[in-house]
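As structure tokens, the structure follows; a few thoughts come after it.
Below, chain A is the first sequence line, B the second, and so on; all start at residue 1. Below, each value reflects all heavy atoms present in this structure, side chains not excepted, and no hydrogens, waters or symmetry copies.
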Amino acid sequence: MSESNDPPVHWLERMLDNTWLLLALGVLIPAISYTLWGLLELANLKAATLP
Amino acid sequence: MTTLDPTVEGALPETEAAGRGNHPPGTFRVCATTGLTVDLAAEKFIKINAVFAVVFLLLGGIAALLLALTRWSAVHLLNAEWYYRMTTFHGLNMLILWILFMEIGILYFAATALLKSRLASVKAGWAGFACMAVGAIMLDAVILAGKADVMMTSYVPLRAHPTFYLAIILVAVGTLIGVINFLATVYIAKRDKTYSGSVPLVVFGAITAAIIAVSTLLHGAGIMIPTFLWSIDVIDHVDPAAYRLVWWGLGHQSQQVNVAAMVSVWYLLGTLTVGAKVLNQGVSRTAFLLYILFINLASAHHLLVDPGVSAGWKIWNTSYAMYLAVLASMIHGYTVPAAVEVALRKQGHTKGLFGWLGAAPWKNPGFSGFFLSLLIFGFIGGITGVTLGTEQINIIAHNTLRIPGHFHATVVGGTSLAFMALAYYVVPLIFRREFPLRWMCRAQPYVFAAGIVLMSLGMSFAGSYGVSRRSWDVEASGALHPVSYDPSVHVWLGVLGIGGSLAFVGLLMFVVPTVLAVFFGKRVEAKMPAW
Amino acid sequence: MSIESPAKNWLHAPTGTERAWIGLALLWCIVLTLAMPYWHFKGKQNSTGEAYTVEPTRFADRVQQFVDSNKVGEVNGTPIAEPPPGGDAYLQAQMWRFYPVLQFKKGQTYRLHISSLDIQHGFAVLPINMNFQVLPGYDHVLTITPTMAGEFPILCNEFCGIGHHQMTGRIIVTE
Ligand code: HEM
Ligand SMILES: [Cu+2]
Ligand SMILES: [Cu+2]
């Protein structure tokens with residue numbers, strides 16, 4: 001099937017049609033912004049001095 | 001009934017014996033009402049998942065009544081031990097079991113019937129279902145045996161019997177298998193070119209739900225496996241703050257799966273009940289994209305008053321991210337009713353500004369359930385959610401009854417009601433059984449909605465005076481230091497009790513006709529009888 | 001139809017009222033996005049999430065030392081401890097009590113350290129209704145300035161076992 005005469009498909013439409021890209025983004029974004037960042041903060045907490 | 005056109009690709013040239021698309025011969029049927037090709041293997045899974053879902057809804061519902069009658073301070077039915085046990089039981093049966101079994105059914109439907117594809121793997125379907133079913137039964141057994149009075153959140157180091165964690169892992173793994181089977185079906189449908197152009201919007205919504213579910217279940221595995229190992233003394237410590245952080249990656253993200261699934265069901269029911277057409281595919285899909293990208297970060301609002309994570313982390317994850325996801329809900333909250341309006345106006349209901357609304361099929365429980373779900377989710381659930389998720393307001397709301405007041409408007413008045421509405425189509429179309437007691441079905445969405453709204457208001461107002469959730473005794477009688485509230489809290493707890501009891505009646509009005517229809521209903525031979 | 005595949009090139013910018021609605025909603029979301037950080041700096045009721053890791057036994061020892069050197073009385077068998085203005089106060093949560101009873105002076109600022117000796121608990125101050133999470137192994141520090149005098153019940157609002165609903169404590173604020 002030749003698509004040369006069709007108008008080019010908008011990038012957003014192609015992105016919305018790309019299930020695997022969406023899957024990757026949907027897993028990565030929360031994993032970084034929520035989980036990883038949060039766990040790093042917990043891991044780097046200082047010990048209490050209990051003044 | 002609707003304006004559905006039963007010809008998907010011409011006048012059904014292929015016979016069911018000849019095969020169609022990627023369906024081998026004899027493995028599908030053509031629905032006489034909608035013209036959709038129904039994969040027989042997928043149909044079986046939709047059926048058993050739906051049956052299991054309704055069983056757990058009933059179990060969770062019985063616990064719900066007992067809880068409502070205990071929180072109603074004038075009745076105070078259960079003793080403390082059973083109140084806590086039933087809270088654990090109710091939360092898990094409803095939020096995890098009823099919802100997840102329904103969702104797997106919805107995913108299988110969307111990927112097969114709407115993409116005209118066969119199911120990727122029947123074996124995986126059975127494996128996933130078996131894990132979920134065994135896990136679910138283990139879970140309920142261990143809770144009722146009194147070995148897991150830890151609430152559904154099971155915050156460490158509070159400890160349940162290892163079976164409890166194992167059961168949750170099994171349910172999660174089974175669900176993950178189902179989700180992967182769904183994604184694999186989406187993949188083979190595209191490979192086999194069973195459809196042209198893009199996937200239908202409802203499938204796109206289902207893909208959104210599935211993507212969020214993958215993230216959810218990875219978090220679930222990430223926290224429940226170490227916790228299980230800790231419960232059998234293989235590892236000696238699970239950090240309580242890290243547990244909360246990762247657990248809410250499961251607990252809250254799963255709510256976003258529910259939101260995405262519910263919105264897809266809204267679109268689906270809009271089409272099935274009034275023939276609504278999508279106004280702008282781009283707008284609706286971009287809104288789903290916002291869910292995929294941002295909604296999960298909002299899990300952070302469960303930790304707004306926790307030690308350990310910084311204000312920067314809290315604000316970043318709950319402000320910009322949550323509000324972009326809120327934008328998505330605002331968009332769906334416009335496009336769904338607008339599509340209904342356009343469809344009804346086209347059918348000639350053009351009088352005045354709201355003539356279409358009056359002319360809507362309010363006696364069709366598939367429609368009324370869906371529309372009430374939209375209203376309750378949007379107005380009560382959405383507004384309370386945005387409010388409670390604010391850093392400062394959360395300080396006065398965290399762990400008070402305002403929280404269940406909020407989520408009974410989202411996941412019960414919203415998602416559960418939408419799923420019930422869907423069942424009014426699933427039973428005649430997939431089980432091919434007619435509903436008996438049709439008057440009861442017609443009234444059901446109203447009764448359930450009224451009960452949930454009342455209960456949610458009762459909870460929210462009692463909570464705003466500081467009454468905590470998950471507490472057997474508001475009066476804290478016998479405590480070392482007495483506690484007292486504004487006396488009006490007892491009025492609100494009464495509203496909770498009455499609303500909860502009414503909602504339970506509404507729940508029975510759903511379960512009874514559904515069970516009767518599935519097991520004893522008259523067979524639907526050709527088209528499903530219009531509601 | 002929401003259940004049919006659209007042909008390619010379905011992406012169009014929204015128009016008319018749909019466009020207006022999305023614009024308004026977006027604007028509102030931007031306002032909210034800015035409001036939370038703004039209020040974090042401008043508002044007076046925020047927790048910065050200040051916290052440190054701590055061994056529960058060490059925390060318990062520190063609480064006992066705090067009580068021994070700051071005890072000003074007793075109520076229902078629980079000691080009342082009053083830290084010096086500007087000082088550090090310690091509160092320990094355990095199944096199913098808060099220890100000790102704290103006494104503060106109105107208008108003074110304190111650093112309140114809260115931690116748990118066993119499992120997770122909640123810290124809710126009534127009737128002003130402020131709620132925080134209390135975790136074992138974490139020293140949760142709240143900088144507080146009481147603005148009202150009176151007796152304020154503390155309630156555990158995180159499920160902590162069968163005695164959960166009886167887990168209470170008290171803060172006294174004097175003029
Ligand atoms: C007849 C309908 C229902 C009634 C009367 C009802 C009532 C209640 C009550 C009274 C509580 C206890 C609140 C507390 O004391 O803290 C509760 C908790 C809860 N309910 Fe429902 N509910 C209903 C349906 C549902 C459904 C359908 C779901 C989920 C899909 C659900 C999810 C939950 C959850 C997650 C909790 C929290 C449990 C916990 O704190 O661990 N409920 N419900
Ligand atoms: Cu406690
Ligand atoms: Cu408690």
**Asked** Does any heavy atom of chain B fall under 4.5 Å from the side chain of C:W96, the backbone, both, or neither of them?
**Response** neither

**Message:** Only pairs of heavy atoms separated by less than 4.5 Å count here; which of C:P136, C:G137, C:S116, C:P127 has the most with chain B?
**Reply:** C:P136

**Item:** Proximity breakdown for C:A13 and chain B, heavy-atom pairs closer than 4.5 Å
**Value:** backbone

**Item:** Contact origin within C:S115 toward chain B - heavy atom pairs under 4.5 Å
**Value:** neither

**Message:** Less than 4.5 Å to any heavy atom of chain B: does that hold for the side chain of C:D139, its backbone, both, or neither?
**Reply:** neither

**Request:** Could you look at C:W21 and say if it's the side chain, the backbone, both or neither that has a heavy atom under 4.5 Å from chain B?
**Result:** side chain

**Item:** Pairwise side-chain contact, B:L272 with B:T34, heavy-atom cut-off 4.5 Å (strictly under)
**Value:** yes

**Request:** Just do the side chain to side chain donor-acceptor pair (under 3.5 Å) check on C:D61 and C:Q65 with the steps written out, would you?
**Result:** CA-CA 6 Å; C:D61 291 346; C:Q65 187 195 334; over 6 Å; no

**Prompt:** In terms of heavy-atom contacts, does CD of C:E55 have more than 12 from other residues, nucleotides or ligands at under 6.0 Å?
**Reply:** no

**Message:** Is C:V75 close to chain B through its backbone or its side chain, or both, or neither, when contacts mean heavy atoms under 4.5 Å?
**Reply:** both

**Prompt:** Picking from B:P482, B:A287, B:A338, B:G270, which has the most non-hydrogen pairs under 4.5 angstrom with chain C?
**Reply:** B:P482

**Request:** Would you mind telling me which of C:F132, C:Y52, C:Y138 makes a side-chain contact (heavy atoms from CB on, under 4.5 Å) with B:P307?
**Result:** C:Y138

**Item:** Engaged part of C:L126 at the chain B interface, taking heavy atoms whose separation is under 4.5 Å
**Value:** side chain

**Item:** Region of B:S464 in contact with chain C, defined by heavy-atom distances below 4.5 Å
**Value:** backbone

**Message:** I'd like to verify something: which residue of B:A110, B:S310, B:P240, B:G197 has the highest number of heavy-atom pairs under 4.5 Å with chain C?
**Reply:** B:P240

**Message:** Regarding C:H12 and C:N9, do their side chains bring together a donor and an acceptor under 3.5 Å, going by distance alone?
**Reply:** no

**Item:** C:K105/C:E175 ion pair, N-O < 4.0 Å
**Value:** no

**Request:** Identify which part of B:A397 has an atom lying under 4.5 Å from any heavy atom of chain C, answering side chain, backbone, both or neither.
**Result:** backbone

**Item:** Segment of B:S196 engaging chain C (4.5 angstrom heavy-atom cut-off)
**Value:** backbone

**Message:** Is a donor from one side chain sitting under 3.5 angstrom from an acceptor on the other, for B:D473 and B:S477?
**Reply:** yes

**Prompt:** How about C:H140 and C:F123: are their ring centres within less than 6.0 Å of each other?
**Reply:** no

**Request:** Report the option among B:R159, B:H481, B:M151 that has the most heavy-atom pairs separated by less than 4.5 Å from atoms of chain C.
**Result:** B:H481

**Message:** Return the CG to OG1 distance between C:L32 and B:T390, rounded to the nearest 0.5 Å.
**Reply:** 7.0 Å

**Asked** So which part of B:D486 gets closer than 4.5 Å to some heavy atom of chain C, the side chain, the backbone, both or neither?
**Response** neither

**Item:** Under 4.5 Å from any heavy atom of chain B - which part of C:L155
**Value:** side chain

**Prompt:** In terms of heavy-atom proximity below 4.5 Å to chain C, should B:A241 be classed as side chain, backbone, both, or neither?
**Reply:** both

**Prompt:** C:F152 ring centre to C:R170 NZ or CZ under 6.0 Å, with the angle to the axis within 45°?
**Reply:** no

**Request:** Say whether C:N131 and C:N157, considering side chains only, have a donor N or O and an acceptor N or O under 3.5 Å apart.
**Result:** yes

**Asked** Does the ring center of C:H113 lie less than 6.0 Å from the ring center of C:F59?
**Response** no

**Message:** Quick check for you: among B:L115, B:I331, B:L303, which has the greatest number of heavy-atom pairs under 4.5 Å with chain C?
**Reply:** B:I331

**Contact class of B:Y267 relative to chain C, heavy atoms under 4.5 angstrom** = both

**Item:** Side-chain heavy-atom pair B:Y155, C:I119 within 4.5 angstrom cut-off
**Value:** no

**Message:** For the NZ atom on C:K8, are there more than 12 heavy atoms of other groups (residues, nucleotides or ligands in this structure) within a distance under 6.0 Å?
**Reply:** yes

**Message:** Looking at chain B, which one of C:P37, C:A7, C:C156 has the largest number of heavy-atom pairs inside 4.5 Å, strictly under?
**Reply:** C:P37

**Request:** Could you tell me which of B:D149, B:V199, B:V474, B:D306 has the largest number of non-hydrogen atom pairs under 4.5 Å with chain C?
**Result:** B:D306

**Item:** Partner chain C: residue of B:W313, B:W472, B:Y84 with the largest heavy-atom pair count (under 4.5 Å)
**Value:** B:Y84

**Message:** Quick check on C:A124 against chain B: is it the side chain, the backbone, both or neither that has a heavy atom closer than 4.5 Å?
**Reply:** neither

**Proximal component of B:Y465, with respect to chain C [non-hydrogen, under 4.5 Å]** = backbone

**Request:** Please determine if B:R470 forms a cation-pi arrangement with C:F159, meaning its NZ or CZ atom is less than 6.0 Å from the six-membered ring centre and no more than 45° off the ring axis.
**Result:** no

**Message:** Does any backbone or side-chain atom of B:V150 lie under 4.5 Å from a heavy atom of chain C? Answer side chain, backbone, both or neither.
**Reply:** backbone

